[in-house]
Engineer: 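What follows is a structure written as structure tokens; I'll ask about it next.
Quick note on labels: first sequence line is chain A, next is B, and so on, each numbered from 1. Not measured: the values here are computed from a predicted model.
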Number of protein chains: 2
Amino acid sequence: MHPLLQHINRQTELKEKDFDVFINIFKTGDYTKNHLLIRPNQKIEHQYFVLNGCLRTYLIDSSGKEHTMQFAVENWWVSDYLAYYKKDSSIFFVECMEDCRLMRVRKSDLEEIFQSIPVIESYFRLQLENAFAAFQKRILSSLNLTAQERYSQFIKIYPDIEKRVKNYQIASYLGITPESLSRLRKKRISKNQD
Amino acid sequence: MHPLLQHINRQTELKEKDFDVFINIFKTGDYTKNHLLIRPNQKIEHQYFVLNGCLRTYLIDSSGKEHTMQFAVENWWVSDYLAYYKKDSSIFFVECMEDCRLMRVRKSDLEEIFQSIPVIESYFRLQLENAFAAFQKRILSSLNLTAQERYSQFIKIYPDIEKRVKNYQIASYLGITPESLSRLRKKRISKNQD
DNA sequence: TTTATTTCTTACCATAGGTCAATTTTTTCC
DNA sequence: GGAAAAAATTGACCTATGGTAAGAAATAAA
């Protein structure tokens with residue numbers, strides 16, 4: 001079964017027939033490590049489904065610091081969603097951190113499909129609801145937890161991602177410096193983990 | 001024109017006729033200041049549209065500290081959305097900070113309407129997209145900005161809210177202590193604002 | 001109005017995390 | 001396999017924000 005159909009059917013029920021129509025609005029492409037899928041100041045009309053690989057959405061602020069908004073691995077959707085939804089220009093970089101195989105879909109094509117296959121629309125609304133919940137939890141963590149605790153939580157929730165990305169990128173996701181993360185890691189080891 | 005219809009038609013186009021059907025699934029109610037609309041460990045089947053008043057969604061963590069997830073004033077939707085969407089039990093309090101007039105709608109009723117009046121579904125998806133964008137910006141702020149800057153930004157974006165809520169509640173929204181906020185405010189004044 | 005309660009401010013000290021610079025370790029790529 | 005580049009660690013020092021406690025101010029209640 002196609003990984004996207006599988007993913008859709010975890011939350012809804014899409015018929016094979018409808019999926020065959022749906023899949024036609026996608027284009028699959030291969031991208032090499034370090035490729036920048038999106039960079040700032042572009043119009044963003046596509047989002048991407050990850051078949052293979054690992055990506056990172058990040059921004060460089062006015063003082064030159066990187067801030068990681070999110071990572072994406074197999075079966076995740078990725079884009080600059082601020083730009084994608086709000087029709088602003090992009091502010092993020094989306095970078096392939098490994099060789100990637102992605103499926104690209106254009107927003108306008110997707111919205112047409114919403115009309116003809118309502119289940120697809122439900123699926124994307126559910127995705128939004130999940131993202132909403134994830135963001136809310138992340139905001140709570142930033143209000144609530146120490147850097148140490150956020151790091152432990154990150155490893156626990158995303159064990160698969162932790163192994164595939166650089167520590168300085170995790171640091172920029174947690175909102176701390178690489179130096180601080182290094183110190184946290186040291187403490188963790190001496191305390192024999194979490 | 002009804003404030004809800006007005007709000008819907010800012011982003012979509014709903015016919016008066018359809019609105020008349022839609023409005024029937026709501027119940028309007030008055031709540032006095034300090035009333036707790038939602039408290040932790042409940043099943044959440046409703047969301048609320050604010051006709052009048054000001055509310056706050058917050059949580060009390062294991063060490064007894066309050067953390068404010070969001071405020072809501074006229075024309076905002078409010079609920080414990082983690083619980084509402086994910087069918088978990090609530091973790092938040094939702095409190096009326098003034099006397100409030102709210103419109104309540106049940107999730108299952110709403111989802112029925114989605115079938116018969118697709119524009120309503122679009123409206124709620126757009127709401128989700130806006131919330132998504134707002135959360136993303138808030139996460140960026142927490143990665144990016146000092147407490148001072150986050151406070152300035154808060155005042156700038158929500159001037160209406162700032163005047164209606166307690167400072168300690170703003171502090172708990174910004175992720176700092178009331179004492180720290182007090183110090184920031186003092187500095188701001190001596191530096192002649194922003 | 002007076003009293004009680006809640007909220008805000010201030011002062012002093014403590015601490016998590018930041019900054020900068022040097023060094024080591026790991027990865028990349030000829 | 002070895003040089004170059006990138007990433008991670010460490011140490012010394014610094015700063016923003018937290019904790020605690022006490023008093024002032026504002027708000028609510030009687």
Engineer: Check this one for me: any side-chain N or O of B:Arg185 less than 4.0 Å away from OP1 or OP2 of C:dT9?
Structural biologist: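 Looking at the OP1 and OP2 atoms of C:dT9, one of them is under 4.0 Å from a side-chain N or O of B:Arg185.
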Engineer: Nearest-Å distance, CG (B:Leu181) to P (C:dT10)?
Structural biologist: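 Taking atom P of C:dT10 as the reference, CG of B:Leu181 is at 12 Å.
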Engineer: Figure out the CZ/C1' separation between B:Arg56 and C:dT7, and round it to whole Å.
Structural biologist: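 Value for this atom pair: 13 Å.
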Engineer: When the aromatic ring centroids of A:Trp76 and A:Phe71 are compared, is their separation below 6.0 Å?
Structural biologist: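 No; A:Phe71 has its ring centre 6.0 Å or more from that of A:Trp76.
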Engineer: Pair A:Phe93, A:Arg56 - check side-chain contact (heavy atoms from CB on, under 4.5 Å), show working.
Structural biologist: CA-CA 8 Å; A:Phe93 293 88; A:Arg56 178 170 73 115; over 6 Å; no
Engineer: CD/B:Glu111 to NZ/B:Lys107 distance, rounded to the nearest 0.5 angstrom?
Structural biologist: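 The NZ atom of B:Lys107 is 5.0 Å from CD of B:Glu111, to the nearest 0.5 Å.
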Engineer: Judged by each residue's nearest nucleotide on DNA chain D, which is more toward the 5′ side, B:Ser180 or A:Gln169?
Structural biologist: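 On the 5' side of the pair lies A:Gln169.
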Engineer: Is there a side-chain contact between A:Tyr31 and A:Tyr48 (heavy atoms, below 4.5 Å)?
Structural biologist: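 Yes, side chains in contact.
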Engineer: With 3.5 Å as the limit, what N/O pairs link the protein to nucleotides 21-30 of chain C?
Structural biologist:
unit_1 : atom_1 : unit_2  : atom_2 : d
C:dT28 : OP1    : A:Lys33 : NZ     : 2.8

Engineer: Would you give the length of the straight line joining atom CD1 of A:Ile117 to atom NZ of A:Lys17, rounded to the nearest 0.5 angstrom?
Structural biologist: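 Result: 12.0 Å between the selected atoms.
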Engineer: Without decimals, in angstroms, what is the distance between A:Gln148 CD and C:dA16 P?
Structural biologist: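 Interatomic distance, CD of A:Gln148 to P of C:dA16: 10 Å.
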Engineer: Does C:dT7 have its OP1 or OP2 closer than 4.0 Å to a side-chain nitrogen or oxygen of B:Asn167?
Structural biologist: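 The answer is no; no side-chain N or O of B:Asn167 sits under 4.0 Å from OP1 or OP2.
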Engineer: Of all the nucleotides listed (C:dT10, C:dG17, C:dT19), which has the minimum atom distance to the side chain of A:Arg183?
Structural biologist: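 Nearest listed nucleotide: C:dT19.
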Engineer: Between A:Arg150 (CZ) and C:dA16 (P), how many Å, whole number?
Structural biologist: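 After rounding, the reported distance stands at 14 Å.
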Engineer: Would you call B:Phe49 and B:His7 a side-chain contact if the rule is heavy atoms closer than 4.5 Å?
Structural biologist: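 They are in contact (side-chain heavy atoms under 4.5 Å apart), so the answer is yes.
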Engineer: Taking the side chain as every heavy atom from C-beta outward, state whether A:Leu5 and A:Glu16 have any atom pair closer than 4.5 Å.
Structural biologist: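 A:Leu5 reaches A:Glu16 side chain to side chain.
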Engineer: Considering only heavy atoms of chain A and a distance under 4.0 Å, specify the first and last nucleotide of DNA chain D in 5' to 3' order that meet this criterion.
Structural biologist: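 Under 4.0 Å from chain A, the extent on DNA chain D is D:dA7 to D:dA12.
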Engineer: Let me know the distance between NZ of B:Lys186 and P of C:dT9, rounded to the nearest Å.
Structural biologist: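 Distance check: B:Lys186 NZ to C:dT9 P gives 10 Å.
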Engineer: Ignoring backbone atoms, test whether A:Thr177 places a side-chain nitrogen or oxygen under 4.0 Å from the OP1 or OP2 oxygen of C:dG18.
Structural biologist: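 Affirmative; the distance criterion is met.
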Engineer: Compute both the distance and the angle, then confirm whether B:Arg138 meets the cation-pi test with B:Tyr173: under 6.0 Å from the six-membered ring centre, within 45 degrees of the axis.
Structural biologist: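 Yes; both conditions hold, so B:Arg138 lies above the ring face of B:Tyr173.
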Engineer: Tell me whether the centres of the aromatic rings in B:Tyr151 and B:Phe154 are closer together than 6.0 Å.
Structural biologist: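 Judged by ring-centre distance (under 6.0 Å), B:Tyr151 and B:Phe154 do not meet the cut-off.
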